[in-house]
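Take a look at the structure below.
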Amino acid sequence: MTTSSNNTPAEAAGPATPSDFIRDIVAADLASGKHRQIVTRFPPEPNGFLHIGHAKSICLNFGLAVENGGRCNLRMDDTNPTKEEAAYVESIMRDVAWLVADWAEPNYSLKTKGALPQAQEQDGKPDYFMGPAEAVPAAELGNPRSTLVEPFYASDYFEPLYAFAVRLIEAGKAFVCDLSAEDMETYRGAPDRPGQDSPFRERSIPENLDLFARMRAGEFPNGTRTLRAKIDMASPNIWLRDPVLYRIRHAAHHHAGGDWCIYPMYDFAHCLSDYIEGITHSICTLEFEVHRPLYDWILENLDLPRPLPRQIEFAKLIPSYMIVSKRKLIQLVQDGVVDGWDDPRLPTISGLRRRGVPARALRAFAYNIGVTKYKSLTDIAVLDFAIREDLNRSAQRRLAVLRPLKVVITNLPEDHAEDLAAVNNPEDPEAGTRSIPFSRELFIEQEDFREVPPPKYFRLKPGGEVRLKYAYIIRCDEVVKDAEGNVVELRCTADLESKRGGATADRKVKGTIHWVSTRNSVPAIIRLYDRLFTIPEPDGEDGDFRRHLNPGSLEVVSGRLEPSLAGAHPTDRFQFERLGYFVLDEDSTPDHLVFNRTITLRDSWAKVAGGADGARAQLKRI
RNA sequence: UGCCGGAUGGUGUAACGGUAGCACAGCAGUCUCUGGAACUGUUUGUCUAGGUUCGAAUCCUAGUCCGGCAGCCA
């Protein structure tokens, strides 16, 4: 138990192994001896970036492998050349590797670069198998340019798939149909009305074989013929009404190249790809539930020599305040509403990563929301919680001021300089301390001073006292304003005995605020991200989701940071005390620092404040 | 209304005929050199109606409501 707990996505967030109906099925299959090892797969279509919904699926499939000592294949479900691009394959590889890093690498399988399924024969039955590459170094898993490995590709199975189709024709279970798309729709009938047999349904086997070969040879234009399964046009299940197995598409394929002009449909390719890879449990989303009889039909009618995979459906993630629909996501990116697929406001995995969300937090989230067949809206506060919980324990604290207001400590000499010890992480004693320079002139947060304070405001106010974190208690003596009446400087006196260890160190003052020394602080651009949408279900039916964009989803400020932050590393995450968690952005350079806000700290003051202040704070956090 | 699926607090999930539990959110409090964290307490729930049973969220019957399915998309 101790060793396996290291592999648990949620670690401290709950019991070592989650329980749900899918894990129950897997456990039962292992217990009954139906399978000795379980094999799952994550099968994205390379036509867009992975998002938080895929993260749920990845965590489920890889989690099953991790928990049961099985493996999980990354497979490109690439059977439609007109919609897919190799560029997406690269982002998918990177995102998956990032998500499973330090967790499921030993169970993550890719295949040997360029390998194709092995043709085998058992009892005169053609069979094909595609196994994983052995002992892949973890670094290769996320490397799209690896010369050793690559993802599994459904398009690598086109040849076996063709052979299986021929076999179906030979068994009299598939036929070539000349119906146009429109006619086919008419013949299909409706959910409550049976369809009619295609006039081409009773073609002879030799004729079907000949026609199918000529389809492959490119003799017919797009859309003129299809290969269809011969099942039952009167079936109450639409997907059993002689579904299309192959269509003609004179188009090159991003992975298979220009060899093909007929391409298998999802229903034909998916079950057989699962079979070829030896998948035991093929987990997909609810909308494929009605396809399951077809999934089983194809496999069962091919008379295959090895155990068949089992399809199991679960409800996909619908996160509140986010859009996850591929079409809408593309629209936001193309219209420049956001700044690319990895914009930190997007629920894409690359966006979340750039925002500073740790993979571990995403896994904990996926784990916490559970797996069911009930289609539900998941409160994104659950994700927020997972992020804060992770970062609270792991992120070092720093002092940073977002909107600086100058403070002069009048009872200190001009050249006063001292270094103060600051705790790096109160949640982690091992993290140690650092020193921060303190001087006569400081910046504090504009929000931490109110000339006319609201009730229960316990930060700085005229004549009032506040503690400067790690430093002195100061009193505000004078408020300096510019011509327009804006507060531009505060003149304060410090209680010089109030520093930690001093005579008056234990004096109680209501508030403690953060600060930086004007002289020693470094400037930085800080991007304050917030929810992209203002309503819980922007992805709902009504198409006009852009009406609900949050105009304040990105605010850029010029802040000042304590000097130690100048040496920040791109993957470091920090808590800027009292503000939130921040990560260095990839746009950052040593002399032009850029930080992204991952998430704010919980802010109970925003709620207490009420009135104008509270309303503004609430709005900012929507 | 053809087929398939689903319904447990505000939200999400557990319970596998035997005390309806957990998490998030909320509320109240303790503590605090982060209005953070931590800790304590707490409000709110089995879709409806019958039935079986000593006992039903769970089994049966009948309803109600919700979701999915009619691409040569996946």
Side-chain angles (χ1 to χ4, degrees), chain A residues 13-15 18-20 24 43-45 47 77-80 82-84 177 179-181 184-185 188-195 222-228 235-241 243-249 263 265-267 269-270 284-293 313 315 320 326 368-386 388-389 392-393 397 399 423 426-427 456-459 467-471 473 498-500 505-506 508-514 536 575-580 600-609:
Chain A
S19 166
D20 55 64
D24 288 348
E45 182 185 16
N47 69 346
D77 205 359
D78 56 348
T79 56
N80 187 349
T82 61
K83 287 194 171 179
E84 298 148 7
C177 182
L179 245 28
S180 68
M184 202 180 292
E185 193 183 331
R188 185 157 36 230
D192 55 350
R193 175 164 42 85
N222 286 348
T224 50
R225 286 183 224 263
T226 56
L227 181 75
R228 294 226 258 163
S235 170
N237 182 339
I238 297 275
W239 294 101
L240 258 20
R241 321 247 261 228
V244 172
L245 265 22
Y246 269 88
R247 77 287 216 182
I248 299 171
R249 278 270 215 278
Y263 291 94
M265 296 288 292
Y266 164 84
D267 288 295
H270 204 93
C284 62
T285 49
L286 251 26
E287 62 266 33
F288 293 102
E289 208 157 15
V290 285
H291 293 241
R292 191 172 62 228
E313 311 84 16
S320 64
K326 223 170 242 182
N368 284 145
I369 58 177
V371 177
T372 64
K373 299 192 73 160
Y374 178 63
K375 186 173 171 178
S376 62
L377 181 72
T378 296
D379 189 345
I380 208 58
V382 180
L383 206 217
D384 293 347
F385 172 81
R388 291 194 180 105
E389 187 184 50
N392 175 51
R393 285 180 295 144
R397 316 284 124 128
L399 298 187
V423 174
E427 307 294 321
K456 291 193 181 159
Y457 183 84
F458 39 85
R459 282 114 101 154
R467 154 86 60 187
L468 294 175
K469 180 88 181 178
Y470 299 123
I473 294 169
S498 61
K499 204 170 66 173
R500 198 180 291 278
D506 293 333
K508 293 295 173 200
V509 276
K510 281 258 185 60
T512 298
I513 65 174
H514 59 278
Q575 182 196 103
F576 291 175
E577 294 217 33
R578 302 209 307 132
L579 296 172
T600 61
L601 253 25
R602 274 185 69 218
D603 186 2
S604 48
W605 164 244
K607 276 174 282 188
V608 173

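Chain letters run A, B, ... following the sequence lines, proteins first, then strands; residues in each count from 1. Values below: all heavy atoms of this structure, side chains included; hydrogens, waters and symmetry mates excluded.
One interatomic measurement links the two molecules: NZ of A:Lys469 to C1' of B:A37, which rounds to 11 Å at whole-angstrom precision. Remark: C1' of B:A70 and CG of A:Asn237 are 11 Å apart, rounded to the nearest angstrom. Atoms CG (A:Asp384) and C1' (B:A25) sit 11 Å apart, rounded to a whole Å. The CZ-P distance, from A:Phe385 to B:G10, rounds to 21 Å in whole Å. Protein atom CG of A:Leu377 is 13 Å distant from nucleotide atom C1' of B:A25, rounded to whole Å. Atom NZ in A:Lys375 sits about 13 Å away from atom P in B:U13, given to the nearest Å. Separating the CD atom of A:Glu313 from the P atom of B:C4 is a distance of 14 Å, rounded to the nearest angstrom. For the pair A:His270 NE2 and B:C73 C1', the interatomic distance rounds to 14 Å; values are reported in whole Å.
Counting only distance, with no hydrogens or angles, the side chain of A:Arg467 and the backbone of A:Lys508 share no donor-acceptor pair below 3.5 Å. A donor-acceptor pair under 3.5 Å is formed between the side chain of A:Arg241 and the backbone N or O of A:Ala190.
In this structure, A:Thr378 does not reach the B:G12 phosphate: none of its side-chain N or O atoms is under 4.0 Å from OP1 or OP2. A:Thr79 has a side-chain polar atom (N or O) that falls below the 4.0 Å cut-off from OP1 or OP2 of B:A74. Residue A:Lys499 has no polar side-chain atom (N or O) positioned under 4.0 Å from OP1 or OP2 of B:C33. For the OP1/OP2 pair of B:C72 and a distance below 4.0 Å, the side-chain nitrogens and oxygens of A:Arg188 include at least one atom meeting the criterion. Taking only side-chain nitrogens and oxygens, A:Arg459 never comes nearer than 4.0 Å to OP1 or OP2 of B:G35. The phosphate of B:A74 has neither OP1 nor OP2 within less than 4.0 Å of any side-chain N or O from A:Lys326. Contact check, A:Ser604 against B:G36: a side-chain N or O comes under 4.0 Å of OP1 or OP2. An OP1 or OP2 oxygen of B:A37 is reached within less than 4.0 angstrom by a side-chain nitrogen or oxygen of A:Arg602.
The side chain of A:Lys373 approaches B:G5 more closely than any other nucleotide in the set B:G12, B:G5, B:C27. The side chain of A:Lys456 sits closest to B:G35 out of B:C73, B:G35, B:U34. Each of B:U13, B:C24, B:A74 was ranked by its minimum atom distance to the side chain of A:Val382; first place goes to B:C24. The side chain of A:Arg247 approaches B:C73 more closely than any other nucleotide in the set B:G35, B:G2, B:C73. Out of B:A70, B:U13, B:G36, the shortest distance to the side chain of A:Pro426 is found at B:G36.
For the side-chain hydrogen bond (donor to acceptor under 3.5 Å, both in side chains) test with A:Tyr470, the passing option among A:Arg500, A:Lys499, A:Glu577 is A:Glu577; the others fail.
The strand RNA chain B forms stems, runs of 3 or more Watson-Crick or G-U wobble pairs with distances below 3.5 Å, at B:2-7 with B:64-69, B:10-13 with B:21-24, B:26-30 with B:38-42, B:47-51 with B:59-63.
Among the atoms of the strands shown, only primed sugar atoms or phosphate atoms (P, OP1, OP2) are found under 4.0 Å from some heavy atom of A:Ala381. Residue A:Arg241 is classed as having no contact, given no heavy-atom separation below 4.0 Å to the nucleic acid. Among the heavy atoms of the strands lying under 4.0 Å from A:His291 is at least one base atom, whether or not backbone atoms are also near. Looking at heavy-atom distances under 4.0 Å, A:Leu286 makes no contact with the nucleic acid at all. Using a 4.0 Å heavy-atom criterion, one finds that A:Tyr470 contacts the bases of the nucleic acid, with or without backbone contacts as well. Contacts of A:Thr372 with the nucleic acid, taken as non-hydrogen atoms under 4.0 Å apart, involve only primed sugar atoms and P, OP1 or OP2. Contacts of A:Ile380 with the nucleic acid, taken as non-hydrogen atoms under 4.0 Å apart, are absent. Contact annotation for A:Glu289: backbone-only contact, meaning every heavy-atom pair under 4.0 Å involves sugar-phosphate atoms and none involves a base. Note on A:Glu577: a base of the nucleic acid sits closer than 4.0 angstrom, heavy atoms only.
Spacing of P atoms, B:C24 relative to B:C39, comes out at 10 Å, to the nearest Å. Using P as the reference atom, B:A49 and B:A38 are 42 Å apart when rounded to the nearest Å.
Each of A:Asn392 and A:Gly223 has a nearest nucleotide on RNA chain B; the 5'-most of these lies closest to A:Asn392.
A perpendicular orientation is assigned to the rings of A:Tyr266 and A:His291, their planes being inclined by more than 60° (bins at 30° and 60°).
Residues A:Trp605 and A:Arg459 approach most closely at CD1-NH1, 3.2 Å, considering heavy atoms.
Taking 90° from 0 as the syn/anti boundary, the base of B:G45 is oriented anti.
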Tabulate atom names and distances for all N/O pairs under 3.5 angstrom spanning the protein and nucleotides 15-22 of chain B.
residue : atom : partner : partner atom : Å
B:C16   : N4   : A:Asp24 : OD2          : 3.2

